[in-house]
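Down below is the structure, laid out as structure tokens.
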Amino acid sequence: MIKLINKNGIEIHNSAKHVLEEITRGTGSVMADKISIFIENAGINEKFIVVSRIPDSGGEGMTRKFPVSNFKDAWELFNSEP
């Protein structure tokens with residue numbers, strides 16, 4: 001199982017429920033090895049869930065934004081293999 005930590009370095013359970021709670025009501029960010037998921041405030045009323053992957057050697061990085069209402073797709077991308 002992948003180890004997840006929040007912005008403060010505290011371990012988070014690897015489940016959609018815990019990650020959603022952490023990014024919306026907690027520190028706003030969860031990280032694993034070479035990937036992160038976090039909330040981005042784009043304006044007063046506009047928020048996005050951002051999934052960002054660090055590039056592997058010779059590969060490309062990836063950053064994708066999802067509306068907050070589309071957490072399911074963001075979670076699937078976060079858990080997908082590079």
May I ask you to decide if Ile10's main-chain N or O and Asn8's side chain share a donor-acceptor pair within less than 3.5 Å? no
Does anything in residues 30-49 pair up under ring pair (Phe, Tyr, Trp, His ring centres under 6.0 Å), and if so which pairs, sequence neighbours excluded? none
Under 3.5 Å, which donor-acceptor pairs link side chains of residues 66-75 to any protein atom two or more places apart or in another chain?
residue, atom, partner, partner atom, Å
Asn70, ND2, Asp73, OD2, 3.1

Sorted by chain and residue number, the salt bridge (Lys or Arg N to Asp or Glu O under 4.0 Å) partners of Lys34 (sequence neighbours excluded) come out as Asp56
State, with a plain yes or no, whether a side-chain heavy atom of Ile54 is found less than 4.5 Å away from one of Ile35. no
Would you mind listing the cluster partners of Met31? Hydrophobic ones only (ILVMFWY), side-chain contacts under 4.5 Å, chaining allowed. Ile5
Taking the side chain as every heavy atom from C-beta outward, state whether Arg53 and Ser80 have any atom pair closer than 4.5 Å. yes
Starting at OG1 of Thr63, measure out to CD of Glu40 and round the result to the nearest 0.5 Å. 9.5 Å
Keeping to residues at least two apart or across chains, list the salt bridge (Lys or Arg N to Asp or Glu O under 4.0 Å) pairs with something in residues 10-29. none
Lys3 vs Asp33, test: side-chain contact (heavy atoms from CB on, under 4.5 Å). Steps then yes/no. CA-CA 8 Å; Lys3 180 179 176 184; Asp33 187 35; over 6 Å; no
How would you list, by chain and number, every residue that makes a side-chain hydrogen bond (donor to acceptor under 3.5 Å, both in side chains) with Lys47, sequence neighbours excluded? none
Give the C-alpha distance, both sets of side-chain angles, the deciding distance and a yes or no for side-chain contact (heavy atoms from CB on, under 4.5 Å) between Leu4 and Phe78. CA-CA 11 Å; Leu4 303 178; Phe78 182 74; 3.8 Å; yes
With sequence neighbours excluded, give me every ring pair (Phe, Tyr, Trp, His ring centres under 6.0 Å) pair touching residues 7-30. His13-His18
How far apart are the C-alpha atoms of Asn79 and Asn14, what are their side-chain angles, what is the distance that settles it, and do they pass the side-chain contact (heavy atoms from CB on, under 4.5 Å) test? CA-CA 10 Å; Asn79 280 314; Asn14 190 356; 4.0 Å; yes
Passing candidate, side chain to side chain contact (heavy atoms under 4.5 Å, CB included) with Ile37, options Ile49, Leu20, Leu77, Val50: Ile49
Heavy-atom nearest pair, Gly61 first then Pro55, reads N-CB, 3.3 Å
